[in-house]
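It should be emphasised that the depicted structure is a prediction, and the values quoted were computed from it without experimental measurement.
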Amino acid sequence: MGGRMVADYRPEIIEPKWQKYWEEQNFYQTDEKKDKRYYVLEMFPYPSGRLHMGHMRVYSIGDVLARFLRMRGYSVLHPMGWDAFGLPAENAAIERRVHPAEWTYANIETMKKQQKALGISYDWEREVATCDPDYYKWTQWLFLLLYKRGLAYKKKAAVNWCSKCETVLANEQVEDGKCWRCSEEVVIKDLEQWFFRITDYAERLLQDLKLLSGWPQRVRIMQENWIGKSEGAQIRFTVQNSQKEIPVFTTRPDTIYGVTYMVLAAEHPLVEELIAGTEYETEVRAFVEKTRKLTEVTRTSAEMEKEGVFTGAYCINPVNGSAVPILVGNYVLMSYGTGAVMGVPAHDERDFEFAKKYNLPIRVVISPEGTELKAEDLTEAYVEEGVLINSAHFDGMPSEQAKEEIIKYLEANGWGKKEVTYRLRDWLISRQRYWGTPIPIVYCEKCGTVPVPEEELPVKLPEDIEMKEGGRSPLAQCEEFLATKCPDCGGKARRETDTMDTFIDSSWYFFRYADAKNDKAPFTREKADAWLPVDQYIGGIEHAILHLLYSRFITKVLYDAGYTSAVEPFTRLLAQGMVNKDGAKMSKSKGNVVSPDEIIEKYGADTGRVFILFAAPPEKDLDWSDRGVEGSYRFLNRVWRLVDRYAGAVQAKSNKAPDGEDQELRRAFHSALKKVTEDIEERFNFNTAISAIMEAVNAAYSYQNIKGDNIHPGVMKEVLELLVLMLAPFAPHLGEELWQRLGHQASVHLQSWPEYDEKALQVSEVEIVVQINGKVRGRLHVPVGLDKDAVQKLVLEEGQIARHLEGKEIVKVISVPDKLVNLVVR
RNA sequence: GCGAGAGUGGUGGAACGGCAGACACGCUAGAUUCAGGAUCUAGUGGGCAUUACGCCUGUGGGGGUUCAAAUCCCCCCUCUCGCACCA
């Protein structure tokens with residue numbers, strides 16, 4: 001460096017400096033003036049304590065996008081908030097004897113500080129916290145909206161209970177039979193609970209997945225599977241010597257003539273009626289007892305041995321009048337279809353296994369075209385399509401057609417009807433917890449269940465409560481909260497003590513950001529329509545079903561009620577990958593945790609951001625590498641030194657015409673700009689965008705080695721400015737600092753994203769690859785745009801090539817202009 | 001079992017059907033330095049050569065399409081994720 005005094009890159013100084021500047025200027029306040037608008041949203045975090053690398057990754061991705069789009073001339077909404085209700089706050093309260101609110105708000109403070117230290121460009125004026133009464137007032141409003149629309153109801157049902165969390169859980173929150181939060185084995189309890197009627201929206205939630213072309217396919221498929229639509233028929237069998245009917249759901253009405261038995265779920269209400277007072281009573285009851293004790297997991301696992309027991313009763317197949325035995329089986333679920341299954345062993349694997357075990361008859365009614373299967377020859381069920389046999393007047397009909405025809409036949413005779421069922425269940429939203437949004441309902445001795453009127457919202461959580469381990473929800477023990485007056489008659493009433501599932505809080509927060517300070521309404525339609533739907537949503541794949549499905553549902557309810565014109569909440573979804581270390585998830589027990597704090601402290605936020613974006617494409621898992629971080633730090637240092645060296649020199653005036661090296665330098669930066677622009681805009685490939693900037697910087701170093709101080713000031717100025725502008729969304733603090741050092745007053749983040757100069761990209765000469773029979777045998781430098789024949793002539797003159805052609809005959813010549821010539825020889 | 005995605009150097013990862021391995025890490029050598037670190041320069045898939053910027057080989061395995069395949073098609077293997085007695 002020739003004794004020059006070099007100012008070092010000192011992120012620990014420049015980062016706080018610019019963060020302070022942004023804060024004081026309220027720099028990232030949303031500009032609502034422009035017509036071009038873009039809503040970038042990262043999933044808001046649960047305030048668990050401190051940020052982890054997953055947070056750092058998702059915010060870095062969102063921030064690059066937000067900053068880039070602002071430079072592209074968009075008004076960008078980029079808010080942040082807190083999914084602040086939830087069980088950990090209550091656990092902390094018990095363990096550390098602090099109020100959940102205190103714990104939560106302290107965490108929010110910490111994490112907010114960390115986000116600011118990362119230099120993320122949030123509009124903090126729109127910050128929301130779901131535990132804030134100003135927010136949950138509107139969550140309660142939302143509940144009332146659903147209640148009014150008949151979408152919130154209370155019923156007694158067999159529900160999932162986590163005894164560790166001491167609350168019920170929605171189906172979506174049971175993973176592999178365990179609680180999604182604490183992994184405790186879930187048990188089934190019969191309880192009176194509040195539900196949201198999400199099943200009313202099953203078909204729309206399914207159909208509108210088609211609108212979500214901006215979502216990863218796997219997320220759409222997961223939702224599709226979760227909704228689990230299946231089409232078929234409901235068919236009613238009549239119990240022999242009785243008026244009682246057993247409706248069954250089947251997707252294979254074409255196999256109706258193959259029914260040889262009937263199986264009921266252990267919970268089926270008819271079971272008791274059928275056996276009462278019969279010789280089968282004891283045995284069946286024992287079986288039912290045994291089955292009901294099993295958890296849902298064991299019962300629904302495919303390895304579970306199928307068992308059943310005969311009830312002594314028979315029912316009549318409506319199409320042929322044949323009587324078939326009724327059994328109770330452990331593989332039939334009360335929660336799906338009608339809780340009863342018609343047994344067609346010849347054409348269903350499970351039925352086949354069951355029939356073999358209990359020696360039930362097997363009747364073949366579908367055969368592959370041209371053959372006739374025999375029941376005694378079957379070693380497994382024939383589940384394919386085929387042609388009907390042994391099916392009265394449907395014989396000979398293809399099974400696909402028979403599905404339709406048999407449904408018509410059933411309908412015509414009043415035996416059944418076409419039916420569609422879904423796997424999706426209604427959303428159980430009651431939680432027996434304190435730290436959540438209270439359900440705004442009171443129970444009046446006279447009037448019964450009464451919704452709290454809107455003007456009385458919010459129903460506030462009592463602050464003065466005692467958190468105890470075990471036992472019932474604190475709300476149920478808080479007389480001050482419980483006792484109230486009936487809004488209708490003014491008489492004595494008691495409040496609902498359940499709070500809402502926190503997934504309700506997060507199913508509408510993206511609307512609130514559009515109008516965060518509104519105290520008259522959750523948001524106005526005008527403001528919502530100005531921003532919603534979210535253009536780009538970014539978050540972890542773990543929410544593929546839960547949060548994303550609930551949000552879609554609530555958005556549709558709001559749409560139906562006229563509060564928004566958005567049919568779907570999130571136009572594009574980026575499911576970012578995990579951050580691992582040494583091939584494993586970071587965890588305290590493995591001792592492989594790297595925290596954002598230590599990275600900021602050691603290298604600065606810009607380095608951390610650049611590394612996390614450079615190490616892998618955003619949707620893929622990323623393996624954290626301490627060495628890699630150092631590489632990113634080195635890169636930013638290289639940028640710093642380059643700008644530092646020439647920041648003064650570029651201010652000089654010069655009329656010198658750019659020479660070849662100057663032009664080459666311009667070409668390197670403009671082609672990097674082109675690539676960076678495309679990579680951010682079209683593909684979110686931040687890793688290759690950064691590598692393109694690195695290449696340009698490498699080119700600048702080569703230029704420096706050749707030219708030293710004898711640079712072209714105009715060209716150097718141009719490329720350094722391009723460099724800083726391109727880097728600014730990735731490394732915003734460094735961007736500001738260097739932009740200022742290049743002599744600019746206004747912030748780099750207020751600049752327009754540069755346009756690349758097409759002319760700078762042009763080259764006069766190109767390298768042409770010469771292949772012989774597809775193998776590279778040489779290269780040739782030719783003027784750009786040289787025509788085929790001329791290129792071919794040059795190729796044949798080339799010594800290296802001629803050598804390979806000796807004694808061979810050229811059969812064919814393939815030419816790709818300015819790129820390649822392939823000689824096919826024999 | 002079903003569905004989706006992925007398999008490329010020592011490592012993270014690049015490659016509109018057209019030079020495989022950009023960029024980075026690591027490593028090697030050199031420069032600088034008292035030394036180390038930092039920095040700069042050069043090299044770095046494997047093999048054979050080193051008279052040659054020469055040859056062979058190479059993107060999980062096997063076939064195919066094509067002048068040309070990591071990329072398209074078929075079969076198989078492995079891994080990850082999701083679903084899983086859904087009638």
Side-chain angles (χ1 to χ4, degrees), chain A residues 1 6 8 175-176 216-226 228-230 232 248-252 255 263 265 299-306 329-333 335-344 348-351 353-354 421-424 541-542 544-545 575 577-578 583 610-611 614-617 619-632 634-635 637-638 641 675 685 687-698 701-702 704-705 767-779 800 803 811-816 819-825:
Chain A
M1 289 283 166
V6 180
D8 288 338
E175 293 170 351
D176 217 11
Q217 191 194 206
R218 71 185 155 139
V219 177
R220 295 201 310 253
I221 289 172
M222 279 161 80
Q223 293 218 351
E224 194 179 316
N225 291 341
W226 189 263
K229 179 179 184 174
S230 55
V248 297
F249 173 73
T250 178
T251 53
R252 294 297 301 272
T255 65
V263 197
R299 277 183 74 181
T300 55
S301 104
E303 291 85 53
M304 173 83 186
E305 175 77 19
K306 288 176 185 43
N330 63 357
Y331 72 100
V332 178
L333 308 172
S335 57
Y336 186 81
T338 60
V341 174
M342 61 183 213
V344 187
D348 182 282
E349 285 170 35
R350 296 153 302 178
D351 295 349
E353 193 189 320
F354 193 74
T421 63
Y422 300 88
R423 202 185 80 122
L424 184 70
I541 188 75
E542 68 273 18
I545 292 176
M578 290 194 306
V610 166
F611 171 71
F614 176 65
E619 68 281 1
K620 284 183 71 177
D621 286 351
L622 175 158
D623 204 64
W624 187 270
S625 147
D626 294 330
R627 298 271 203 190
V629 183
E630 283 178 35
S632 296
R634 274 205 285 274
F635 165 62
N637 268 289
R638 272 164 78 78
R641 286 196 305 271
K675 173 120 179 91
N685 280 9
N687 56 331
T688 49
I690 292 170
S691 77
I693 302 174
M694 286 173 170
E695 282 184 76
V697 170
N698 291 345
Y701 269 76
S702 300
Q704 173 183 261
N705 286 332
E767 188 181 75
I768 291 204
V769 171
V770 183
Q771 297 181 330
I772 292 170
N773 286 346
K775 283 189 178 165
V776 181
R777 293 299 180 190
R779 316 145 190 274
Q800 284 298 334
R803 196 163 63 89
V811 189
K812 197 172 172 185
V813 180
I814 313 283
S815 287
V816 182
K819 231 176 204 169
L820 169 142
V821 173
N822 188 11
L823 305 173
V824 186
V825 303

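- Comparing atom distances between the A:V332 side chain and each of B:rC23, B:rA87, B:rG13 picks out B:rA87 as nearest.
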Pull out every protein N or O sitting under 3.5 Å from an N or O of nucleotides 40-44 of chain B, one pair per line with the distance.
residue : atom : partner : partner atom : Å
B:rC40  : OP1  : A:R638  : NH1          : 2.6
B:rC40  : OP1  : A:R641  : NH2          : 3.1
B:rU41  : OP1  : A:N705  : ND2          : 3.0

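- Distance from the side chain of A:K819 is smallest to B:rC16 among B:rA14, B:rA20, B:rC16.
- The side chain of A:T338 places no N or O atom within less than 4.0 Å of a non-bridging phosphate oxygen (OP1 or OP2) of B:rA87.
- When heavy atoms are screened at a 4.0 angstrom cut-off, A:S625 is found touching no nucleic acid atom at all.
- Residues A:D351 and A:Y331 are in side-chain contact: their nearest non-hydrogen atoms beyond the backbone lie under 4.5 Å apart.
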Mind listing the N/O atom pairs, protein and nucleotides 66-68 of chain B, below 3.5 Å?
residue : atom : partner : partner atom : Å
B:rC67  : O2'  : A:N822  : ND2          : 3.2
B:rC67  : O2   : A:N822  : ND2          : 2.6

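- In this structure the side chain of A:M342 reaches within 4.5 angstrom of the side chain of A:T255, judged on heavy atoms.
- Closest to the A:N687 side chain, of the nucleotides B:rA14, B:rA4, B:rC23, is B:rA14.
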### Task
Dot-bracket for RNA chain B, please, read 5' to 3', with Watson-Crick or G-U wobble pairs under 3.5 Å on both distances, ( ) within the strand, [ ] crossing, | other strand, . unpaired.
(((((((..(((.....[....)))((((((.......))))))((((.....))))..(((((..]....))))))))))))....
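- A:E349 comes within 4.0 angstrom of no nucleic acid atom, judged by non-hydrogen atoms across all strands.
- Of the candidates B:rC85, B:rC83, B:rC55, B:rC85 carries the atom nearest the A:Y331 side chain, counting heavy atoms from C-beta on.
- A:K775 has a side-chain polar atom (N or O) that falls below the 4.0 Å cut-off from OP1 or OP2 of B:rU57.
- Taking the P atoms as reference points, B:rC76 lies 43 Å from B:rG26, given to the whole Å.
- When the side-chain nitrogen and oxygen atoms of A:R627 are compared with OP1 and OP2 of B:rG26, one or more of them lie within a distance under 4.0 Å.
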